[in-house]
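One structure is given here, and the rest of the page talks about it.
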Amino acid sequence: MPAPQTTVTASVDPSDPSHVLIVGLDSFQRNLPYIFAFTDAIWLSMAGAFLWLTTSTYRSAQTLTSTEQWRQLTPTIRQRTMYKSTTQLTLQAPDKSGTPQIFQLSYPGRGPWPTLPIPGKAMNLWILADGGGHVLLSGPDCKNATAGTAHVPNSFELRTMGI
């Protein structure tokens with residue numbers, strides 16, 4: 001709005017006499033539809049991204065539970081790393097031939113376990129994996145399962161971790 005006691009030029013719309021504009025100050029009103037359209041586009045794209053992430057996580061969990069069976073492992077925890085809202089466990093467990101194999105599990109938050117896993121101790125773990133890195137994690141005293149990822153680190157990663 002203009003300052004008090006300022007001389008302005010007013011314009012009246014001939015088709016709607018109640019629509020009065022102050023000449024020079026109506027540019028914001030002309031841009032309002034574009035501002036609302038841009039804001040709506042941002043909100044819709046964020047909602048679409050959230051829906052896509054939610055459905056992709058649900059879809060991978062659904063394919064895991066429909067094709068595989070839970071396997072019970074008793075790995076030894078070599079290392080636990082927490083970064084922001086992700087926990088990463090470096091575990092060692094024997095493979096089918098009995099050779100100790102090191103692998104890593106990453107999952108959001110604290111995971112399904114009631115207490116945090118302690119490095120150097122063995123833990124009872126139920127795992128459901130698809131062979132592509134997607135896993136569901138649970139345990140005997142857990143009431144829920146957590147979706148996560150698994151991978152086998154290469155020799156460079158193992159040297160970097162000091163293992």
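Just so it is clear, the values below take in all heavy atoms, side chains as well, and ignore hydrogens, waters and symmetry mates.
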Quick check for you: to the nearest 0.5 Å, what is the distance between [X] atom [atom1] and [Y] atom [atom2]?
X	Y	atom1	atom2	value
Ser106	His151	OG	NE2	7.0 Å
Tyr83	Thr86	OH	OG1	9.5 Å
Ile77	Ile118	CD1	CD1	7.5 Å
Asn144	Leu137	CG	CG	10.5 Å
Leu125	Leu89	CG	CG	8.5 Å

**Request:** Return the set of residues passing side chain to side chain contact (heavy atoms under 4.5 Å, CB included) with Thr74 (not counting sequence neighbours), or none when no residue passes.
**Result:** Ala122, Asn124
**Request:** Indicate whether the side chain of Gln104 and that of Thr90 have a donor and an acceptor atom separated by less than 3.5 Å.
**Result:** yes
**Request:** Any chance you could lay out the side-chain contact (heavy atoms from CB on, under 4.5 Å) test for Leu105 and Leu91, step after step, and finish with the verdict?
**Result:** CA-CA 8 Å; Leu105 297 176; Leu91 306 168; 3.5 Å; yes
**Request:** Using side-chain hydrogen bond (donor to acceptor under 3.5 Å, both in side chains) as the criterion, list what pairs up with Thr6, not counting sequence neighbours.
**Result:** none
**Asked** Heavy atoms, side chains only, cut-off 4.5 Å: are Met123 and Pro75 in contact?
**Response** yes
**Message:** For a 4.5 angstrom cut-off between non-hydrogen side-chain atoms, does Thr146 reach Pro108?
**Reply:** yes
**Prompt:** Of all residues at least two apart in sequence or in a different chain, which pass the ring pair (Phe, Tyr, Trp, His ring centres under 6.0 Å) check with Phe103?
**Reply:** none
**Request:** Locate the shortest heavy-atom distance separating Gln92 from Pro100; write the atom from each residue and the value.
**Result:** NE2-CB, 3.0 Å
